Each structure stands twice: as structure tokens, then as C-alpha cells.
Number of protein chains: 4
Amino acid sequence: MTTEPAAEPAARRGRKRSEEGRIAILTAAYEQVAEVGYHALTIEGIAARAGSSKRTVYRWWSHKADVLLEALSVKAELRISTTDHGSWAADLSAFLRDSYELGRVPGVAPVLRALMAEAQIDPGFGQRFREGFLARRRAALATLTDRAARRGDLPPIDPGLIADLVFGTIWYWLLARDEIPADAPTDALTALLSARPEANPGPENRDQDRDQDDKEQP
Amino acid sequence: MTTEPAAEPAARRGRKRSEEGRIAILTAAYEQVAEVGYHALTIEGIAARAGSSKRTVYRWWSHKADVLLEALSVKAELRISTTDHGSWAADLSAFLRDSYELGRVPGVAPVLRALMAEAQIDPGFGQRFREGFLARRRAALATLTDRAARRGDLPPIDPGLIADLVFGTIWYWLLARDEIPADAPTDALTALLSARPEANPGPENRDQDRDQDDKEQP
Amino acid sequence: MTTEPAAEPAARRGRKRSEEGRIAILTAAYEQVAEVGYHALTIEGIAARAGSSKRTVYRWWSHKADVLLEALSVKAELRISTTDHGSWAADLSAFLRDSYELGRVPGVAPVLRALMAEAQIDPGFGQRFREGFLARRRAALATLTDRAARRGDLPPIDPGLIADLVFGTIWYWLLARDEIPADAPTDALTALLSARPEANPGPENRDQDRDQDDKEQP
Amino acid sequence: MTTEPAAEPAARRGRKRSEEGRIAILTAAYEQVAEVGYHALTIEGIAARAGSSKRTVYRWWSHKADVLLEALSVKAELRISTTDHGSWAADLSAFLRDSYELGRVPGVAPVLRALMAEAQIDPGFGQRFREGFLARRRAALATLTDRAARRGDLPPIDPGLIADLVFGTIWYWLLARDEIPADAPTDALTALLSARPEANPGPENRDQDRDQDDKEQP
DNA sequence: GGTTAAGCGAGACGGTACGTCGCGTCTTAGA
DNA sequence: TCTAAGACGCGACGTACCGTCTCGCTTAACC
């Protein structure tokens, strides 16, 4: 993100960045988007609401969507639990439940929709969003599939496809309706993605399936 | 959409709408977005490129995304085949193949991404897009699931969830990467959504399924 | 100036320039500079006061000083009388009297000082000011010296030097004090610049000159 | 000016002002204005060029024009010789020659024009400029007229008018053209302002003139 | 010789205006 | 009545300097 000081050695002279101001701007952006919507969110409005100057906003963020992305991580608990629940089905179910619940936290869904939208429209932000948000959540899911694979209870579906199905369904749930639906297909998705059809088709067939899948999505 | 003549009785006086101008505007929008991207697409630019006036554009469309939505249906074949291929698996596979192929037609993916993005940002266009585009494709898929249900080979998954999985995966495939991926999980998705665990399909059935898939997507 | 249509043949399509808006902007600029001073005069403020948009101001003038220059010719009578008063001394005296009086018209002096100042600071405006203002007044004076030369009563001083002396004294009178002085050296300047040492003007001529001056500036 | 220590008793503790820094800032301002012009001269730029901080500039000068005014007295020899040349005509001629020559020293004219311009625009600087620059030069000329009066060879023109004519002509020469003219009316001006017309009109007329002049410009 | 008070470079900050851009509306003249 | 042209009010853009304010450091004069 924009604010990590990273490996700045020592030679910091001059006035320090005001943490107070940073929080004021993030809060202003988060509240403003909830009140007027992303299309009416402006840097000008954020600065005015935060009692800061536009210059200060631009000094630290290059785009209103970047402000919002950082505001999200300050305002909402984005950590996805990757606790071991003992089985792939339980892990996946918890992951889905957490994800859908995040989308129902007041104020979060509009921000997520706006960020995904902006990622389509602004190529630069698109990259930052994919690397700073989407990739992190994919990595969290990968932790679960890796553990399940080690444990041996991952169904014979390509982990990449599992991720595409899981995140695809979640994002479609967010993006394709006007209002966020009240229900979420957590259980049905878990059932579908944890069914182990080894009782039905012979294992030799399944191996054959895997080979094909591997070819199609390496 | 905006341009359907619908039930126009007769009493149209004055100069008629220029079909030539309409196509010029749609073409200009479609080319412009391919060249400079949606964020740099403006009504002003469309009008200039089409040799028309802004007024004329605004008379027929209320938003640049609406121009693009109509341009898409003029420029790309959006009809999804709902031909009966004999089985749910074959129908689904064809539907997926058609859908992913549409996304790979040059120029289409950026437009689809832009439209979905605008639908998040502009509430009015969001409604038009959902009703005029998303709902139509959902209806096309519903034709397949209804047929499969009548035929009896629909796996015991809620048709709504099937649609969410199918479209979620397709849209995530479009939205979550910078470039459109070269491969698409057509076969794996078909396999997952046509497996019938309760029926315990013998290995012979599974082989049959796989054979069909192989034929449909060589 | 900026607004002269010059040699525009005929093909004027589109909405015409609003004369009402033009006057509103000129008036706003003229009033604003009188109230807050030139350094606090901004295009933004002019537009706001005129109820116009900045864009409209910038469409027709490139600089706030250009607005003021045009406002001056609308608000103040800039025509310098070049009427023939019968003698060089009478002509010059009338010219000086008119010029100093213009500087005492409320609101004019601050504008003139600002324009001369801006002409020093902005090279582009400097050229427009010299050609559109200074040169015109020099031409007016040249009319008088030409006439005097033809008449034969021009003292043997280079007309260019006469102009430099006349305008130099007037501008210094405007620029070198905080407040515009109440008195002006009209008579003394006239005397100095109409004395003909060689011709040795008889006292009767001089008395006649003085009489005129006395009448003209009571 | 800003830097005069004036009546500072003694109790100066802490680090002393860096003379090196002062010269660096004055030099930076002087060079910068020559390169980019006064309108593009900024405190920010001066500080950057001088390798100082804005704070340091603001600590000692309140306006960029004040920096320039002090820079002028460091960079150019502003002393006007008031040496006694034996006669009013010779004194005046030397004064004019020196003055016009100063305006032709490379870099000086643009600075003088800028200072006079700023004096019109910024009231505070206007006062400082008039008192710290214009008044001093008027005083220098007054030395000459006083001496001539004592000597008895001052022509019967009000000394104040002489000053207005001399400085008016010099400033107009600086301000009214784009480029500084190559020639200066030194001789013609000297001739005009040292001619003693007592040979021509009768003394009684001239006395009359003087009376009137006295009334007009007390 | 430690204390204390500037001076100084750096640079973040709240402001204000800049000049530009695109919006969506409007007023023309011509087809 | 539609069209191209284009002026208009509007509002945000991203930038530039303004003048102020910490910072951490340096440099003297004083105790």
C-alpha cells in the first residue's frame, strides 16, 4: 500500500506525517461513499470533509479508490480466518461464512463493488487492487486447500478451479444484484466442493479426470 | 433499450432519425473504447468521432455505457445458442464454450468489464444492465436447466445456484485478471455441474459423460 | 481586443455569444477590482460575481488583465479629444487636462496602474497593452503634434520626446504615489512644451495662451 | 529595509544569521528573475536555488519583491553620483546619463520594471519601494536642484516638476516598451530643462507663469 | 562546559486559485 | 423536427505556491 515506510534507513528530516490527518481522510472517504455513493465521491469532497487540503490527499494516494482501499483495511476487519477446523469441509464452510459475512457488514459491500469496478476502469488501480486485495484472499484460500491436500481430504478438483468457483460466486453475489442478497449459498457451495465421488466412480476414472483437468488448467 | 421503436403508431412528423448517424455513433463508441479505454471514453469524444453533435447522442442515450451496451449488440453476436444437444452436460458445455468464446472476441471483454463496472457505479445504468443483459443470459441458462429438469438429467443442485456458479465463474474470469486468460475451465465446470453423486453413476456412465465432453470441445 | 469578429465571413453556426454575459463579466471585474484590489482579483471571483463559469471567462479572455482592459473601455470614456483648439498650446493643454481627468475618474486610476503593472510582469499582456492602449494614446497625441507642425507652432522639440515627456509625466503621476495627487501640472507642462525660445513669442501670444488655459481649467 | 539591524541593543543569543545564506538567496533571486521572469519567480524557487529552506527566506523578507529590491542593491551599483560638475546643466546631464546607464546594465531593467509593477499591486511593498527607492533617488536629484538654486542657474521651473519630468521620462522609457531602447534622450532633456527663456519672453510674463505654477503645484 | 536560544534545511500541512476537462442544457442555422 | 455547431453554467480535476508549522540538527553566546 501507499503508507508502508518500508526500508527507510534513518535520514527522516522535516515534519512527520500526521497520523491524525491520515485517519481523518480515510474516515471521511469511508463515510462519504456510504452517504453519496462512489460516483459522487470526490477527492475534493474527501479533503473538505477531512478538514485537509487536496494536496495532502494527493501526496499520499493517487486515486480515490486507493483511499477507499486503505480505508477498508482500517475500517473493516479484513483478516480471513484460516484456522484449522479439522477438515476441508469445515475449513471451506468457515471461509465462505466469513466472506459472505464481510459483504454484509454495513458499508463494506458498496466499497467492494466500487473497488472492483474501478479496477476495471483504471488499469493502474486494477493492478494495485489485484495484488493488494484479490491475491491476498486467494492466498488465504490456498492455505486451506494446501492443508486439505496434505490431509488428504481435498476432493479431486483443481485448487485453481476451486478458487475461481469460490471467489467467482462470492463476487457475482456482490456485483450482479442491486441489493446484497440476504442469503448466501454457503452450505450448498461447501457440499458441492467437498463431495468426494470416490464411492461412485472407480478411482481409476477419477485419476483420468484429474489428468484432463490438469491439462486444461495448468 | 433506448432505441427500440416499439409501438410507435404513425404520427411522426419532422425529420426522421438518421439510422446512418446511429450506427456512426455506436461504431465510434466501440472503436474509441478499444483505443483509449473506458475511462477515457467521453460523450464528447464519441460525438466528435462520429461527426455528430453531443446533442444527438444525448437525445438517444442517457449514458456512455448505454451507447456501449447497444454498440455491443450491434458489433458482437450476443445470441447464446440454446440448441438441444441431447443432454444437460452437452447443453451446459456448449453454453460455457459459447460464453467464454464471446469473451475472447477481440474488443468484447473490455466492453463487458466496463459495463459491469459502470453498473456498480451508476445505479440507473446498473438496473438497465441487469435487466437488459444479465437477466437475458440467466434466462438462456434457465432454458437449459428447465429442459434438463424435464429430461431428468439435472443433478440435484438448485438451478439458481448453478446459474450463480456458472456466471460467477465466467465473470470472475473476466474481471479478476489484467488480461483475459487464454484457457477456460469449460470441461471441469461441466464435469462438476453434471456429476450425479446420489444416483451413483457407474463408471460406464461417467465414461459416457466424458466422451460427450470430449466430442463437444475438441 | 479579443472580441472583434473581424473578417468572419458568414458561416456562423451554433449558439451566439451572449452579450449579456460579456457585460456581466466586465462589470464584475471592474467592480471587484475596485473593492478588493488587483492582487485579490481572480478569474474565479470574476466568474462567480458575474454568475458565469470560469470556462466562459477563459473562452474570451486569456488573462484577468485583458478582462480589465476591455472593461475599462466599456466603463470609462477613453476617447481623447483631438479637437482643434486653434493652437498647439491649447491642444496640448486640453489633451493633458483630459488625460489627468481620466485618472481622477473614480475607479480608473487603480485599473490603469494594475494594467501597466501587469504589462511588466506578463510579456504577452504587455504586448497587447502597448498595442491596444499605449500606442493608441500616443497616436492621439501625434495627431496634435502633426497638426501643430503643419500649423507651424510646434516648438523645436522632437515630437517623440514630447510624447515621452507628456506620457512619462502622466504615468509617473499615476504610479509613483500611493494616492493619486489632487493636482496635476497641466499648465506648467503646457508652458514648458509650448515655449518657442527661437521665435520669441510676444507677450500678446502668451497672454492669449494663458487665457485659454485659465478658462479650460478653473 | 528588512535587514537593517537598527537599534538592536546587544542581547542576541543563539546562532547568528548566516551572511553566506543571505547572499545565496539574493543571488538566487537575481539570477532566477533574469532566467524565467518575475511572474515565474517564486519564494519556493528562490529557496530551492539558494539551497535554503522557504522558512529562512520568510524569516528575513516578507515578499519576493523585497528580496529582489535588496538583491538589486547588492548586485548593482545604485549610487547616483551627485558630484558637482560646475553647472546645473552638467549636473543634470550626468544624473540622466547615470540613470539611463543603470537601466542598461544587464539584468537591472527587468528587476526595476518588476519592482515598480509590484509596487502597484501590493500596497505594502508599494510603500517600502517608494520610501526605500523612489524617495532616495528624488532626494539625490533634489541635491542637484538645491545646489543649482543656490548657484542661481536653475531655470524658473518648479523643482518638483523637474523631478516629475526627469523621473517620469526615465520610468516611461523603462516601462512603455518591450525592450529597453538603445538610445536615451539625455541631451534633449538636459537642453529642455536647462534652457533659460529669460531672453525671449519678458520677465514679467515669466514671473506670472511662476506664480501660477506655484499655485498649481505647491 | 553545559545550557539555552536562535538559525537552518527539510518537508508536511491547510489553503486558494490556477487553467483544463467533460458534463448536460441551451440556442442557433441549415437540411 | 432532426441535425451539426458551439456557447453556456457547472463542478471536479490535478497542480502550483502560498505562508505556517513541526522536526532534527547546528552554532553561538551566556551562565
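Quantities reported herein were computed from a predicted structural model and do not represent experimental measurements.
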Nearest-Å distance, [atom1] ([X]) to [atom2] ([N])?
X     : N      : atom1 : atom2 : answer
D:R15 : F:dA28 : CZ    : P     : 7 Å
A:I23 : E:dA12 : CD1   : P     : 18 Å
A:R49 : F:dA12 : CZ    : P     : 15 Å
B:E19 : F:dC2  : CD    : P     : 15 Å
A:E20 : F:dC21 : CD    : P     : 16 Å

Axial cation check for D:W60 ring with D:R22, 6.0 Å and 45° limits: no
Which residue lies more 5' along DNA chain E, comparing B:K64 with A:R59 via nearest heavy atoms: A:R59
When the nearest nucleotide of DNA chain E is assigned to B:E44 and to A:I25 on a heavy-atom basis, which residue is associated with the more 5' position? A:I25
So, A:Q120 versus B:Y38: side-chain donor-acceptor pair below 3.5 Å or not? no
Within the pair [X] and [N], is there a side-chain N or O less than 4.0 Å away from OP1 or OP2?
X     : N      : result
A:W61 : F:dG14 : no
C:K16 : E:dA29 : yes
D:S52 : E:dC8  : no
D:R55 : E:dA10 : no
B:W60 : F:dT3  : yes
D:T56 : E:dG9  : yes

Using a cut-off of 4.0 Å on non-hydrogen atoms, how would the nucleic acid contact of B:G51 be classed: base, sugar-phosphate, or nothing? sugar-phosphate
Residue-level proximity of residues 32-42 of chain C to DNA chain E when a heavy atom falls under 4.0 Å: C:T42
Which nucleotide in [options] has an atom nearest any side-chain atom of [X]:
X     : options                : value
B:K54 : E:dC23, F:dC13, E:dC13 : E:dC23
A:S53 : E:dG15, E:dC23, E:dA12 : E:dG15
B:I43 : E:dT20, E:dT27, E:dC23 : E:dC23
A:Y58 : F:dT15, E:dG24, F:dA4  : F:dT15

Quick check on A:E35: does its CD atom have over 12 non-hydrogen neighbours (other residues, nucleotides or ligands) under 6.0 Å away? yes
Which atom pair, heavy atoms only, marks the closest approach of B:E70 to B:S73? O-OG, 2.9 Å
If every non-hydrogen atom of D:S53 is compared with every non-hydrogen atom of D:A47, which pair is closest and at what distance? C-CB, 3.8 Å
Rounded distance (nearest 0.5 Å) linking atom CD of D:Q32 with atom CD1 of D:I46: 7.5 Å
Working to the nearest 0.5 Å, report the span between CZ of B:R128 and CG of B:D66. 4.0 Å
Check this for me: does any side-chain nitrogen of one of C:E118 and C:R113 sit under 4.0 Å from a carboxylate oxygen of the other? no
